[in-house]
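Positions are given from 1, in the same order as the sequence printed here.
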Amino acid sequence: MKDQLKVKAAQGVLKYLKPYTELGVGTGSTVDIFIEILGKSGLTFSQIFTTSQRSAKKLESNGFQVLNLSEIKKPLPYYVDGADEIDTSLCMIKGGGGALTLEKIVAEISRVFICIVDESKYVKKLGKFPVPIEVIKEAIKPVCWTIENELGGHPVVRKNFVSDHGHKIIDIHNLSLGEPAAMEQRLNSIPGIITNGIFANRKADTLIVGTSSGLKIFD
C-alpha cells in the first residue's frame, strides 16, 4: 500500500517538469520509484545531476546520462527528492539513506525543490525520525559528547554504513525540534559535523503527498 502512495506522489511530479532543462534528483525509496516513472515518461533533460551513487546507477539503467555535480554551471530549475519527515511548514528531516550532504548542496542550488512523500512522512511536528549527521571519524566521540551534554539528544552511530564520501553517519534520537531552523544552525556550528539532516533554512518549495484518497499538494 505504501509503495502505491509513493507511486502517486512520484507521478504527480511530472506535470511540474519541463523537458530539455536541467534536473536534480535525490535519493531514497520514493525517488527510486520516481526514476522508474521518469524513464517511462518520454521526458528528456539537457542535464541531470544526482545526490548519490545509488541514484546515479538507477538513472543510468533507465537511459539517462548523469553528470558530476562539479559540472553544474548555474542554478538548477528543479530538484526532486523525498524526505524522512516533512512538516506543515515544509521543513524536513532527510538523510535516512545517508546522502544528506549532497542533498543539501543540490537543494541549495536549485530554484524549485519539489518534495515527494507518502502520507506517513507528512507530520505536524518534526522529531519522531532521528536527525542524521555526517561526521569525520576523528570527531565522532567529541560530537556525541556535545550532543548528549549540550543538546540533550541521544546519538547512535549507524552500524555498517559509511557515506559515499567515506564518513560515518550518526543518528540523533530525542532531539528537541521546536525550532528546526535554530537547531539546524546549532548542529552546523559543532566542529567535525559535515552537515546535518534538518532542512529548515532551505525548505521544500512544493510538497506532493500520495494519500489513500489521492494527491495532496502544498506550496
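Other residues, nucleotides and ligands place more than 12 heavy atoms under 6.0 Å from the CD atom of Glu148. The environment of Gln65 atom CD is sparse: at most 12 non-hydrogen atoms of other residues, nucleotides or ligands sit within 6.0 angstrom.
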Run the side-chain contact (heavy atoms from CB on, under 4.5 Å) test on Lys128 and Glu85 for me, step by step, so that the C-alpha distance in whole Å, both residues' side-chain angles and the decisive distance to 0.1 Å come before the verdict. CA-CA 8 Å; Lys128 184 177 181 180; Glu85 283 187 342; 3.1 Å; yes
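Ile105 and Leu187 fall into different hydrophobic clusters, where Ile, Leu, Val, Met, Phe, Trp and Tyr residues are linked whenever their side-chain heavy atoms come under 4.5 Å apart, directly or through other members. Hydrophobic clustering (side-chain heavy atoms under 4.5 Å, transitive across Ile, Leu, Val, Met, Phe, Trp, Tyr) keeps Leu102 apart from Ile194. There is a path of hydrophobic side-chain contacts, each under 4.5 Å, that joins Ile35 to Leu23.
Here the straight-line distance linking atom CG of Leu67 with atom OG1 of Thr50 works out to 11.5 Å at 0.5 Å rounding. One finds the CD1 atom of Ile147 at 6.0 Å from the CD1 atom of Ile170 (value rounded to the nearest 0.5 Å). One finds the OG1 atom of Thr195 at 7.0 Å from the CD atom of Glu184 (value rounded to the nearest 0.5 Å). Here the NZ atom belonging to Lys104 is positioned 10.0 Å from the NZ atom belonging to Lys94, to the nearest 0.5 angstrom. Taken to the nearest 0.5 Å, the CG atom of Asp164 stands 10.5 Å off from the CZ atom of Arg54. A distance of 11.0 Å separates OG of Ser55 from CD of Glu60, quoted to the nearest 0.5 Å.
A cation-pi geometry, defined here as NZ or CZ lying under 6.0 Å from the six-membered ring centre and within 45° of its normal, does not hold between Lys203 and Phe113.
The two residues Phe199 and Arg202 make their nearest non-hydrogen contact at CB-O, 3.7 Å. Of all heavy-atom pairs between Gly98 and Ile169, the closest is O-CD1, 4.2 Å. The minimum heavy-atom distance linking Lys58 with Asp32 is given by the pair CE-O, 3.6 Å. Minimum interatomic distance between Pro180 and Leu126 (heavy atoms only, all atoms of both residues): CB-CD1, 4.2 Å. Between Glu134 and Thr101, the shortest heavy-atom distance links the atoms OE1-OG1, 2.6 Å. Residues Cys115 and Ala83 share a closest heavy-atom pair of SG-CB, 3.7 Å.
Between His173 and His154, the angle of the ring planes lies from 30° to 60°, which puts this pair in the tilted group.
Considering Phe64, Tyr20, Tyr78 in turn, Phe64 is the only one that fulfils the side chain to side chain contact (heavy atoms under 4.5 Å, CB included) rule with Phe45.
Leu38 is not listed as a side-chain neighbour of Val80, based on a closest heavy-atom distance of 4.5 Å or more.
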